[in-house]
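A, B, ... follow the sequence lines: proteins, then strands. Residue 1 opens every chain. Not measured: the values here are computed from a predicted model.
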2 protein chains.
Amino acid sequence: MTSVWLRPEPDRRRRQPQLSRESITVAAVGLLDAEGVDGLTMRRLAAALGVTSTALYWHVETRDDVLDLAVDHVFGAVPIPEKTEWRADARTLVRGWRRAMLDHPWAAALIGRPMLGPNVLARTEFLQEALSRGGLKDRELTVATRLLANYVIGAALTEATWRASSAADREAARRHVTAACPTLVASRHLAGPERDDDEIFERGLDVILR
Amino acid sequence: MTSVWLRPEPDRRRRQPQLSRESITVAAVGLLDAEGVDGLTMRRLAAALGVTSTALYWHVETRDDVLDLAVDHVFGAVPIPEKTEWRADARTLVRGWRRAMLDHPWAAALIGRPMLGPNVLARTEFLQEALSRGGLKDRELTVATRLLANYVIGAALTEATWRASSAADREAARRHVTAACPTLVASRHLAGPERDDDEIFERGLDVILR
DNA sequence: ACCTGAACACCGTTCAAGT
DNA sequence: ACCTGAACACCGTTCAAGT
């Protein structure tokens, strides 16, 4: 199934329809924040919008479309910084990127769909531009951009997953891993308190941006 | 819902049951390879095993359990290399890790569940051990391990997603991005031919392991 | 153009019952 | 201990019909 971004938006020249892609997207993000991915149902989403579930299909082709829209919406909240020094710019962007995904833990798991939304693309482009200001080009530029992007994605995904599970589960997981391989737990391989994770993430950036 | 790995396996002291966690896992991986995540249905899985769908619930608590088992099974295929020089060891492991996820593109998207399976843990532990042989310890060791692990996860996720989509969709995506932000496409931000991606991934490793 | 209502073909999961 | 069968409460999506 092709992604939303590759298909033209339906004509909309009438006035005051009850629904719009925008309103659907916002409602979807709300539901996802509250209930998680499995909680987002076309019927529940419709109910939240005061409409029949089937009405959504005039604005959107599938449930996956809704998820694509929601993910891109979250990326829209990542601030694109004023340009200063290139390292600082790249750092700020990537930091905001990670923050956004931690604020909406369901989003990280959905990156397993092509990220072609306008907000995602704009952020990626900014990142690449910052790195090119740092003197990188051609192959080096590609490598660096992907390295950074993949690092945030991976970090956000694992951290978001960890935090999305209940405290009880986290405790159980810790005991499980302690029993299975003690060296891992001793070195804090499992995510710990937030401040700690933030620190570790930043040190990773240091290595990359050295 | 707590993950499979945190709950005891049901007693099994009778002889010759038709089903086992092992057989279920293998069948699940087969189905996932053939049909993707949405194609894995408890009913279809049961049919593939010549059994009623409800029979699965004696061996497994939920469909998510099946997914956890399948992911860990895939990790079992990642070779743990003989120990030689630490950099080479880390590289070999991570390379195999990426390969495994590219061979089973559905797996990458499922990492949004705590990775606590025995096979995953063993690989992570090997990676950390290799890095510690390289002289890293404490905070530095944690940072490096997570950096590497998150890089593979991110890279595998984006690449697997890209390859899982049809050739037509990829072409459409390329045109879409070309129109939206030409600089990105010129620099091969979108994944290209396989050899190219392999190369780019390895250069990223160079940076990290420098 | 935009939304409703009824309907189709599925789901995951529970539970009593069989062997 | 392990599996079947019937049943429940949902799903996503289609499509004719309304306005």
Roughly how many Å is it from [atom1] in [X] to [atom2] in [N], rounded to a whole number?
X	N	atom1	atom2	result
B:D64	C:dG12	CG	P	11 Å
A:L49	C:dC2	CG	P	16 Å
A:L45	D:dC11	CG	C1'	14 Å
A:E61	D:dC15	CD	P	13 Å
A:L40	D:dC10	CG	P	16 Å
B:W58	C:dT19	CH2	C1'	15 Å

Out of [options], which has the shortest distance to the side chain of [X]?
X	options	answer
B:P17	D:dC2, C:dC11, D:dG12	D:dC2
B:M42	C:dG12, D:dC3, D:dG12	C:dG12
B:Y57	C:dC11, C:dT13, C:dA7	C:dT13

Next item on the list: Examine distances only and state if a side-chain atom of B:T62 and a backbone atom of B:D65 form a donor-acceptor pair shorter than 3.5 Å.
Entry: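 Between the backbone of B:D65 and the side chain of B:T62 there is a qualifying donor-acceptor contact (under 3.5 Å).
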Measuring to OP1 and OP2 of [N], would you say a side-chain N or O of [X] lies under 4.0 angstrom away?
X	N	result
B:T54	D:dT4	no
B:H59	D:dA1	no
A:T52	C:dC3	no

Checklist line | Nucleotide opposite C:dC15 in a Watson-Crick or G-U pair, distances under 3.5 Å | finding: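 Pairing partner, where one exists within any strand: D:dG5.
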Checklist line | Beyond-backbone contact of B:R98 with B:D198, side-chain heavy atoms, under 4.5 angstrom | finding: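 When only atoms from C-beta onward are counted, B:D198 and B:R98 do touch, with a gap below 4.5 Å.
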Check: Among side-chain atoms of A:H104 and A:D33, is any donor-acceptor pair under 3.5 angstrom?
Finding: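 Result is yes, a qualifying pair exists.
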Next item on the list: Assess B:R123 against B:F75: is NZ or CZ under 6.0 Å from the centre of the six-membered ring, and within 45 degrees of the ring's axis?
Entry: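 Pair B:R123/B:F75 does not count as cation-pi.
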